[in-house]
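Everything below concerns the one structure shown next.
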Protein chains: 2
Amino acid sequence: MRDDLHHTAAGRLKDAKQRYTENRRALVDILAAAARPVPVDDILEQDRSLPQSSVYRNLAVLEQARVVRRVHGSDEFARYELAEDLSEHHHHLVCSNCGKVEDFEAPPGLERTVRNVMDVAERAEGFYANGHRLDLIGLCRDCA
Amino acid sequence: MRDDLHHTAAGRLKDAKQRYTENRRALVDILAAAARPVPVDDILEQDRSLPQSSVYRNLAVLEQARVVRRVHGSDEFARYELAEDLSEHHHHLVCSNCGKVEDFEAPPGLERTVRNVMDVAERAEGFYANGHRLDLIGLCRDCA
DNA sequence: CTTTCTGCAAACGATTTGCAGCAGC
DNA sequence: GCTGCTGCAAATCGTTTGCAGAAAG
């Protein structure tokens with residue numbers, strides 16, 4: 001499973017004419033292990049051997065190769081998670097107090113409804129949606 | 001209608017022990033006139049008499065007073081819109097190419113579905129949602 | 001070998017803040 | 001007057017970039 005992930009990541013990097021180096025593999029491992037989008041600072045704490053600039057640069061490369069995705073919380077800090085098709089489809093619980101972001105799996109009916117909304121957007125506004133984000137904003141357990 | 005808006009804004013600022021000055025009124029007017037969240041740069045262009053620092057400072061004050069709300073697009077620029085209860089409830093079409101954000105009114109069935117999801121989040125995760133954002137990500141008419 | 005990656009340190013740029021003067025109450 | 005607001009210019013800080021050396025292929 002984890003091997004499969006690395007295999008896919010390597011393939012996508014190769015398509016983008018990029019190498020799958022130690023540092024990049026480490027980033028993918030950290031993101032795969034997390035149950036939430038990870039802020040850059042957390043990554044640096046989890047692996048002190050990674051220099052800040054390399055982390056930023058490699059996350060940008062991985063994002064372009066569609067291996068990871070950047071996520072916005074309620075604060076200014078960049079957070080990253082694995083690309084949608086490398087993990088389960090899910091949504092986010094965003095704490096408006098502390099900025100934390102948790103993954104959340106929505107009940108099945110929702111996806112169908114959202115699909116309809118995407119069709120409406122296309123017909124009504126000429127907007128070609130290829131994805132969506134549904135974030136619930138509120139107070140996490142710690143801040144409640 | 002517009003007067004009512006200013007009246008409400010003034011009241012909320014008073015509650016926060018803030019004054020409703022010319023500059024702040026101008027910001028509310030600009031946001032009320034837009035059909036989309038407005039980036040700070042656009043505000044500065046629309047009213048050259050507003051100094052950058054005042055715009056940032058006043059938007060922060062207005063946000064704390066719950067008159068405006070900060071919105072995240074797909075780029076790094078801060079965008080603002082009127083608080084949810086001062087405008088119509090709506091969602092956003094976020095262009096993943098140019099970062100632009102458009103307002104979009106979703107069909108009624110969606111809201112009911114989302115309400116259910118919020119209940120699920122509370123029971124399953126102990127997360128007290130008080131709002132949501134559903135953004136469709138894709139290509140706007142110009143970028144398609 | 002050639003191309004890409006790394007890590008340091010310096011640069012960048014959107015946003016924030018200190019401060020002296022001005023305006024609201 | 002006292003308190004809060006303004007606008008300038010300087011500081012802040014997450015993020016980006018230039019460059020010389022190391023590593024991948």
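Each chain gets a letter, A, B and so on, in the order the sequences are listed, and its residues count up from 1. Quick note: numbers below take in every heavy atom, side chains included, and nothing from hydrogens, waters or symmetry partners. Being a predicted model, the structure only gives us computed values, none of them experimental.
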C/dC5 P sits how many Å from A/Q52 CD, rounded?
20 Å
D/dG7, OP1 or OP2 - any side-chain N/O from B/S53 closer than 4.0 Å?
no
Give a yes or no on whether B/E105 atom CD has more than 12 heavy-atom contacts from other residues, nucleotides or ligands under 6.0 Å away.
no
Side chain of A/R24, backbone of A/N58: donor and acceptor closer than 3.5 Å?
no
Give the ring-plane orientation class for A/H72 versus B/H72, where under 30° counts as parallel, over 60° as perpendicular and anything between as tilted.
parallel
Regarding D/dT6, can its base be found pairing with the side chain of B/R19 as donor and acceptor, where the two atoms are less than 3.5 Å apart?
no
To the nearest Å, give me how far apart CD (A/E22) and P (D/dG25) are.
11 Å
Rounded off to whole Å, could you give me the OH-to-P distance for the B/Y56 and C/dG18 pair?
18 Å
Using heavy-atom distances to pick each residue's nearest nucleotide on DNA chain C, tell me which of A/E76 and A/N23 is more 5'.
A/N23
Under 4.0 angstrom, heavy atoms only, what part of the nucleic acid is B/A78 near: base, sugar-phosphate, or nothing?
sugar-phosphate
Is A/R66 salt-bridged to A/D15, cutoff N-O under 4.0 Å?
no
Touch check for B/T21, heavy atoms < 4.0 angstrom, all strands: base, sugar-phosphate only, or nothing?
sugar-phosphate
By nearest-heavy-atom nucleotide on DNA chain C, the more 5' of A/P51 and B/Y80 is A/P51
So, B/D42 and B/R36, do they make that salt bridge, N to O below 4.0 Å?
no
Can you check the A/D75 CG to C/dT15 P distance for me, whole Å?
14 Å
Base, sugar-phosphate, or nothing for B/Q18, non-hydrogen atoms under 4.0 angstrom?
sugar-phosphate
Phosphate OP1/OP2 of C/dT6: any A/S54 side-chain N/O under 4.0 Å
no
Round to the nearest Å and state the distance from B/N58 atom CG to D/dG4 atom C1'.
11 Å
Given atom CZ of A/R48 and atom C1' of C/dC8, what is their separation to the nearest angstrom?
18 Å
Across the strands shown, which category fits A/D41 at heavy-atom distances under 4.0 angstrom: base, sugar-phosphate, nothing?
nothing
Could you check how far CG of B/L27 sits from C1' of D/dT6, rounded to whole Å?
13 Å
Measure distances between side-chain N and O atoms of B/R57 and base N and O atoms of D/dG7, and say whether any donor-acceptor pair falls under 3.5 Å.
yes
Value in whole Å for how far the P atom of D/dT15 lies from CZ of A/R70
7 Å
Heavy atoms under 4.0 Å, any strand shown: does B/R24 hit a base, just sugar-phosphate, or nothing?
sugar-phosphate
